[in-house]
Amino acid sequence: MRAPRRRGAAPAAWSGGLLTSGGHLLVVRPSAAAEPPADGRAWRWRDLRDDPGFLRLCLLTLLLALVSDCLTAMLPVVAIVVLGQPSWVPGVVIAVACVSMAVARRPAVAYARRVPAPRALRLAACFFSLAVLVMTPSGWAGSATAAVVLCAALIGTLGDALFAPVVTTTANAAAPPGLEGRYNATFQTSFGIAGAVAPAAGTALLAQGNTVLWLGLAVVCAGTALSVGFLTRPTRPVAAPASAPLRRIVVGGISGAGKTTLAAGLAGALDIRHIEMDALYHGPGWTRRAEFEDDVERATRTPSWICDAQYHWVIGDLLGERADTFVWLDLPRRTVISRVLRRSVVRAATGRQLWHGNRETWRSLLRNPRHPLRWAWSQHATRRAETAAFLGLHPGLTVVHLTSAREARQWLRSIPATTCPRRTTSAGPHQTASPNLSPLSAGGTTMQERQREPAPPGEPVLEIRGGNRISGSVRTSGFKHSLVTAAAAAATASAPVRIRNCPDIVETTVLGELFRATGANAHYDGPTETFTLDASTWDGAELPADLVSRIHGSLYLLPALISRNGVARLPASGGCPIGEGPRGRPVKHVLDVMERFGATTRLTADGSVELTANRFTPCTIDMLDYTRNKALMSGPCYGGAVKTALLMGAVTHGTTTLHHPYLKPDVTDLVTVLRDLGADIEFAGPETWVIHGRGPEALNRPVDCTLIPDLIEVVTWICAGVVLADEPLRITGPGIDRAVRALEPEFDLLDRMGVRVDIDTDEVTVHSLTKPLRPVEFTAASRGVFSDSQPFLALLAAYAEGPTYITEGVWEHRFGFVPELAALGMQTTVDDTILRVDGTCPPHRPGNDLYATDLRAAAVLLLAALAVPGRTTLRNHHHLARGYRDLVADLVNLGADIRHTTAPDVRPKLPAGAGADPA
């Protein structure tokens, strides 16, 4: 139904093809072909073929005009002929239409200017379709027929009132300079065609019967509604309104609107690193981390990044200066409240860990006055004003303003991935690396693809035939780290220490030889797995370099050396090269702790350590001084510093106090052994230990201890059971229940991923993979998931549906295994201390020559190679002997096909006749 109005307008039109949907700014530009010719030639109708965007505009106008004119022409005909109504009904219909148009025009124009053009056009199409639907039962309405017809006329008029202002506005905006009349004439023609076709089509349909008439109207309206939805979609990817690529992006705005979700999606689309601001901001107990500003400053040095909050009054100026794009997620309050409520209920019900151990609880949801639910309600308007002020202070930012969740999804889908260079990756040679990435934390490095070379002839390698499934049960051995600390405690004592459940590994052999080299006694009984140490005859201040260099645990013998002799010299210790310092492991933290007790230390250029001390003095140490991240209580020196302080406190006369000690089993087992030897160690609180030292002479009671099952070996077998087993794999060992408690962060993470593990008092049963796992984000930290566990969790992440992000919070060079996993087909990306694993993409490429850089890398590469059908070789596998009793033999007993061999002598083939005697 149409009242008299000015024609010559077009509905949602765009000439040149860019029209964003939802709440985006409507950008209507003429295409180059529609510009006035440089030679001054007059515009011609045939020029339309060079402007496909305008042709789409005309088609959309014609369709909506056809529906509008169908209602105008057909309502009176239907009222008189079909329904048998008196002749005054058509007049009333037209009068109602005119009055409705006059009343609705002003608010319709205001609405059309306030909302995006596609939304107004779709609403108009809905009104037209609804008018026809209302007319459908009019034949059975009886005395109410006139009212039904009038109602249909009213609804159709409202659609026309919405349609007209959008058409007029967009048509005038689409006209190139000097050609407005031509464009308006084109639209006028489309309306004229529709006005002529509609009555003729209606009369023809009516001649075929009432049913055909109604079906024809229904088809026209349905086709128009579908066409409006199709033709008003964006015709090309919608990017930020900027010519430069998206490189440094801040996603900000209303609290609780879903900024983190949008930022994570945008990071995945552009393959840029996502900086989760809440993880940097919230410390344990929802406290604000003191290192927040420093972490943000380091993280935003890189060329490309996305952060999900501006925190504009804290570090806003920094982000405003470094960012180039600001994505404003400006959702209505009711939308934000519903999102926050739904998210909070789910988190409270599942108890999922958020950041640094913080969890959502029902109590905080109901009582916390600063809960996000109440914050979003009370601070919504304030946040909008603050965001607008932030943008006013930084006018150089390109702003993308999103006002609905649907609009955000459409914009995200339209972002082309080529707008930003890819990050450093090891997923394949076709992906390029960014050379300017800066480390997130001090001492970090960017992972680089190693140069792959064949193994030299005769080098021992493992030949792995993957594809076999394993089954059965496996028994774990004792914890390697607890063995080292128990041996260090035994070295300070004058009584024997018997260590049960002791693994037959390199550490055991080397420690025994070190004890014997100083005149002490050491004996390992293989059948009973018992290691007996007696340092009562210890006589020596220096240890053999060839033995010390084989293990890192030799470093913890320094307290025994200096307490017995007053001087000590220790050559450079060994271990996996995963940190800083001589041979890839830190040393200075141990020397610093010993200096606090009064020792004089010297670290030589070759990594050797020299110490002297006349007497030791007790002290008080905050062990967080030896962490890299105090909020996480994590760092490569944390555990070693606590072990050294405990040993020094036990051999020092006086009271030593340690605040915030490391709480993993290798340290708590050390405390148990020292107390059994005779040391007086008091637990003054959950974060304070007091050592009442009485010198080494007080450590004189024999000790019999049993090692906890090796925690990382348990994780290794869990990973093997998920990836390689065809039936549940049982893991046993003395004290397995203690291992489960110590691995609580790992078991929580496995549960989040969807790994099924059954826990009993004497065994752990792992179920094989039956469906894709869930992607997760976690940080390996000294008081959380073991850094040694993250390689195996990274392998499991390849079986998850989506990207998994692993942040390494302990060691600097922990990702040496990543290029090798990528060689097996996994999709991995390393950005400083963050590893991204894209799933589902498990290892699948055989025939590779893998190289293990450290102990855990060797183990995870062995498992990954077993998952790949075909032949794979593993070099440098000797690392396995430093942490596993015999991992290869255990896997073979379960059904794996692994063989010890040597690299072949591969020589290039000579062409025929080459090398023959020229005579």
Side-chain angles (χ1 to χ4, degrees), residues 426 450-472 474-477 480 503-507 509 550 574-578 710 712-713 715-725 729 788 791-792 794-796 798 815-826 842-906:
S426 56
R450 75 169 178 88
Q451 185 67 31
R452 205 170 290 279
E453 298 177 354
E459 177 182 330
V461 298
L462 288 179
E463 182 180 310
I464 305 162
R465 300 281 180 174
N468 291 0
R469 310 302 291 177
I470 65 175
S471 61
V474 63
R475 181 182 180 277
T476 60
S477 53
K480 164 191 169 180
D504 186 6
I505 58 177
V506 169
E507 257 75 358
T509 303
R550 295 178 60 186
C576 296
I578 55 177
D710 193 295
I712 311 305
E713 187 178 355
V715 175
T716 303
W717 286 117
I718 290 176
C719 180
V722 173
V723 174
L724 303 176
L729 179 68
D788 282 355
F792 305 99
L795 176 58
L796 292 179
F815 296 137
F817 63 92
V818 172
E820 312 307 307
L821 290 181
L824 292 174
M826 284 177 53
H844 59 275
R845 296 177 189 158
N848 285 283
D849 182 19
L850 305 178
Y851 185 88
T853 57
D854 56 77
L855 166 59
R856 306 308 171 187
V860 76
L861 292 177
L862 177 58
L863 298 185
L866 287 171
V868 180
R871 177 183 178 276
T872 304
T873 59
L874 177 61
R875 299 174 54 193
N876 221 28
H877 63 86
H878 64 84
H879 287 295
L880 292 172
R882 293 193 299 101
Y884 298 91
R885 177 184 51 209
D886 196 341
L887 181 61
V888 172
D890 288 340
L891 285 167
V892 170
N893 291 335
L894 294 175
D897 187 354
I898 311 171
R899 303 169 188 174
H900 288 274
T901 184
T902 58
D905 186 3
V906 180

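In this text the structure is predicted, and so the values were computed from the model without any measurement.
Here the CZ-CG distance, from Arg871 to Asp849, works out to 8.5 Å after rounding to the nearest 0.5 Å. To the nearest 0.5 Å, the span separating CG on Leu866 from CD1 on Ile898 amounts to 4.5 Å. Atom CG of residue Leu863 and atom CG of residue Leu796 lie 9.5 Å apart, to the nearest 0.5 angstrom. Between atom CD1 of residue Ile712 and atom CZ of residue Arg856 there is a gap of 5.5 Å, rounded to the nearest 0.5 Å. Note that CG of Leu887 and NE2 of His879 are 14.5 Å apart. Values are rounded to the nearest 0.5 Å. With rounding to the nearest 0.5 angstrom, the CD1 atom of Ile718 is 9.5 Å from the CG atom of Leu729.
Considering every non-hydrogen atom in both Pro819 and Gly816, the closest pair reads CD-O, 3.5 Å. The two atoms that bring Leu824 and Ala864 nearest to each other are CD1-CB, 3.6 Å, heavy atoms only. Of all heavy-atom pairs spanning Ala720 and Ile470, the tightest one is O-CD1, 4.0 Å. In plain terms, the two heavy atoms of Ala794 and Phe817 that are nearest each other are CB-CE1, 4.1 Å. Smallest separation of non-hydrogen atoms from Gly721 and Ala725: O-CB, 3.2 Å. The heavy-atom pair separating Asp710 from Gly883 by the smallest distance is OD2-O, 4.1 Å.
The side-chain heavy atoms of Leu821 and Leu861, taken from C-beta on, include a pair separated by under 4.5 Å. Counting heavy atoms from C-beta outward, Leu795 and Pro843 have side chains that approach closer than 4.5 Å. Between Asn876 and Thr853, the closest side-chain pair of non-hydrogen atoms is not below 4.5 Å.
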Quiz prompt | Worked check of side-chain contact (heavy atoms from CB on, under 4.5 Å) between Leu855 and Tyr884 | solution = CA-CA 9 Å; Leu855 166 59; Tyr884 298 91; 3.8 Å; yes

Exercise. Decide yes or no on side-chain contact (heavy atoms from CB on, under 4.5 Å) for His877 and His900, but give the supporting numbers first.
Key: CA-CA 10 Å; His877 63 86; His900 288 274; 3.8 Å; yes

Quiz prompt | side-chain contact (heavy atoms from CB on, under 4.5 Å) between Leu462 and Thr873, intermediate numbers included | solution = CA-CA 5 Å; Leu462 288 179; Thr873 59; over 6 Å; no

Quiz item: Leu894 and Trp717: side-chain contact (heavy atoms from CB on, under 4.5 Å), yes or no, with the steps?
Solution: CA-CA 11 Å; Leu894 294 175; Trp717 286 117; 3.6 Å; yes

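At a threshold of 4.0 Å, the pair Arg885-Asp890 counts as salt-bridged, since one of the basic side-chain nitrogens sits closer than that to a carboxylate oxygen. Between Arg899 and Asp897 there is a salt bridge, since a side-chain N of the basic residue sits under 4.0 Å from a carboxylate O of the acidic one.
Proximity of a side-chain donor or acceptor of Glu713 to a complementary backbone N or O of Ser477 within less than 3.5 Å is detected. Here the side chain of Asn468 pairs no donor or acceptor atom with the backbone of Ala896 at under 3.5 angstrom. Between the side chain of Glu820 and the backbone N or O of Tyr851 there is at least one donor-acceptor pair closer than 3.5 Å. In this structure, the side chain of Arg882 does not engage the main chain of Val506 through any donor-acceptor pair within 3.5 Å.
Among the candidates Leu850, Leu880, Thr716, the single residue satisfying the side chain to side chain contact (heavy atoms under 4.5 Å, CB included) test with Leu862 is Leu880.
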